[in-house]
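Below is one structure; the comments refer to it alone.
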Amino acid sequence: MNKSNTLKITLELIWWVITAILVWVVLKPIHKAMYVWPFEFTNVVFVVVLFTLTRYIFLLKHTFISKLQVLKIVLMMLMFPLTFYLIERINEFLGFIEEQTWEPLTGHLPTSQQPAIQEYIWGEMLFFGVGSAIAAPAFAVRMMLSIWRTRNRGTG
């Protein structure tokens, strides 16, 4: 393996550590306030997808996949089902809040603390959920652009 690939893989590992730290920081207030968070997996997926895809959209030439055409095609095709999955998870969260209200989630908290954690959860779930649902098709377009540039111009 040449020095460039080693550096790109090392950089990728550093980015994944940063992503894990970001997930921890975002979920810490929720874990601190709640006994059970039924949307924890969904929340982690939203944060990881938004952060990772946004990073790839803007920093693709600095990643190990920048020259792997087949992988870019596969990733581009995977964005279509991922987009629908993300939208479905957003709807699941919104439906839960609409049907059952916040009581099952934050009912155990003192009344004075409930509005703050409810607002935090609402804001971060919608931010990361909608952001990831937008980032997935944008990433597919970026992959298509990169494939076209590599094939026709020799650049990534």
Side-chain angles (χ1 to χ4, degrees), residues 7-66 68 70-147 156:
L7 186 61
K8 286 181 180 182
I9 290 174
T10 304
L11 186 60
E12 185 70 22
L13 291 173
I14 291 169
W15 277 112
W16 279 104
V17 169
I18 292 169
T19 302
I21 292 169
L22 179 67
V23 168
W24 180 77
V25 167
V26 168
L27 292 179
K28 186 173 170 48
I30 297 171
H31 284 170
K32 200 173 187 182
M34 312 223 319
Y35 297 130
V36 177
W37 176 227
F39 297 100
E40 183 168 12
F41 177 75
T42 302
N43 207 341
V44 169
V45 168
F46 286 166
V47 175
V48 168
V49 167
L50 177 62
F51 191 67
T52 303
L53 294 184
T54 303
R55 177 171 54 89
Y56 281 143
I57 288 168
F58 293 106
L59 302 174
L60 183 64
K61 68 180 179 181
H62 303 293
T63 66
F64 69 97
I65 66 171
S66 63
L68 302 174
V70 175
L71 181 58
K72 287 193 275 190
I73 292 169
V74 169
L75 289 173
M76 182 178 66
M77 292 302 173
L78 287 174
M79 290 306 110
F80 296 106
L82 178 63
T83 302
F84 290 114
Y85 172 79
L86 294 168
I87 292 170
E88 187 177 318
R89 296 289 73 85
I90 294 168
N91 285 334
E92 179 184 0
F93 172 72
L94 294 174
F96 180 88
I97 298 302
E98 186 178 296
E99 291 172 11
Q100 300 190 19
T101 69
W102 288 98
E103 186 61 31
L105 299 175
T106 60
H108 67 282
L109 295 171
T111 309
S112 62
Q113 293 178 358
Q114 288 179 4
I117 193 67
Q118 290 169 0
E119 187 176 322
Y120 177 78
I121 292 170
W122 182 262
E124 72 90 15
M125 281 292 283
L126 288 181
F127 174 78
F128 287 106
V130 172
S132 62
I134 292 170
F139 179 73
V141 170
R142 177 66 172 102
M143 290 296 99
M144 190 177 353
L145 179 64
S146 177
I147 292 165

| field | Steps toward side chain to side chain contact (heavy atoms under 4.5 Å, CB included) verdict (V45, L86) | value | CA-CA 9 Å; V45 168; L86 294 168; 4.0 Å; yes
| message | Test side chain to side chain contact (heavy atoms under 4.5 Å, CB included) on F139 and T52; report intermediate values, then the result. | response | CA-CA 10 Å; F139 179 73; T52 303; over 6 Å; no
| Please walk me through it: do L13 and V17 pass side chain to side chain contact (heavy atoms under 4.5 Å, CB included)? | CA-CA 6 Å; L13 291 173; V17 169; 5.7 Å; no
| request: Begin with the C-alpha distance, continue with both residues' side-chain angles, and end with the deciding distance and a verdict on side chain to side chain contact (heavy atoms under 4.5 Å, CB included) for N43 and I30. | output: CA-CA 11 Å; N43 207 341; I30 297 171; 3.6 Å; yes
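Looking at V48 and W16, their side chains come closer than 4.5 Å, going by heavy atoms from C-beta outward. F51 is listed as a side-chain neighbour of I18, based on a closest heavy-atom distance under 4.5 Å. The shortest distance between side-chain heavy atoms of F127 and F46 does not fall below 4.5 Å. With a 4.5 Å cut-off on side-chain heavy atoms, R89 and E92 count as touching.
In this structure, the separation between CD1 on I117 and OG1 on T106 is 8.5 Å, given to the nearest 0.5 Å. Atom CG of residue L53 and atom CD1 of residue I134 lie 12.5 Å apart, to the nearest 0.5 angstrom. Of the inter-residue distances, the one linking R142 atom CZ with M79 atom CE reads 14.0 Å to the nearest 0.5 angstrom. Between the CG atom of L94 and the CE atom of M125 there is a distance of 8.5 Å, given to the nearest 0.5 Å. To the nearest 0.5 angstrom, L126 atom CG is 7.5 Å from I90 atom CD1. Between the CG atom of L27 and the CG atom of L22 there is a distance of 9.0 Å, given to the nearest 0.5 Å.
Using a 30° and 60° split on the angle between ring planes, F39 and F93 fall in the perpendicular class, above 60°. Between W122 and W102, the two ring planes are perpendicular [angle over 60°; tilted spans 30° to 60°].
Within a 6.0 Å radius of CH2 in W24, other residues, nucleotides and ligands contribute 12 heavy atoms or fewer. The 12-atom threshold is not exceeded at CD of E119, counting heavy atoms of other residues, nucleotides or ligands nearer than 6.0 Å. No more than 12 heavy atoms of other residues, nucleotides or ligands lie within 6.0 Å of CZ in F80, so this atom counts as exposed by the packing criterion.
The shortest heavy-atom contact between L105 and M34 is O-SD, 3.5 Å. Across every non-hydrogen atom of K8 and H62, the tightest pair is CG-O, 3.8 Å. Of all heavy-atom pairs between V49 and L82, the closest is CG1-CD2, 4.2 Å. Summarising the geometry of F64 relative to I9, their closest heavy-atom pair is CB-CG1, 4.5 Å, with the distance given to 0.1 Å. In this structure, Q114 and L109 approach most closely via the heavy-atom pair NE2-O, 3.1 Å. Between I57 and A135, the shortest heavy-atom contact is CD1-O, 3.8 Å.
Judged by distance alone, with hydrogens and angles left aside, the side-chain atoms of E12 form no donor-acceptor pair with the main-chain N or O of T63 at under 3.5 Å. A distance-only check finds a donor-acceptor pair linking the side chain of K72 to the backbone of S66 [under 3.5 Å]. In this structure, S132 contributes its side chain and F128 its backbone to a donor-acceptor pair below 3.5 Å.
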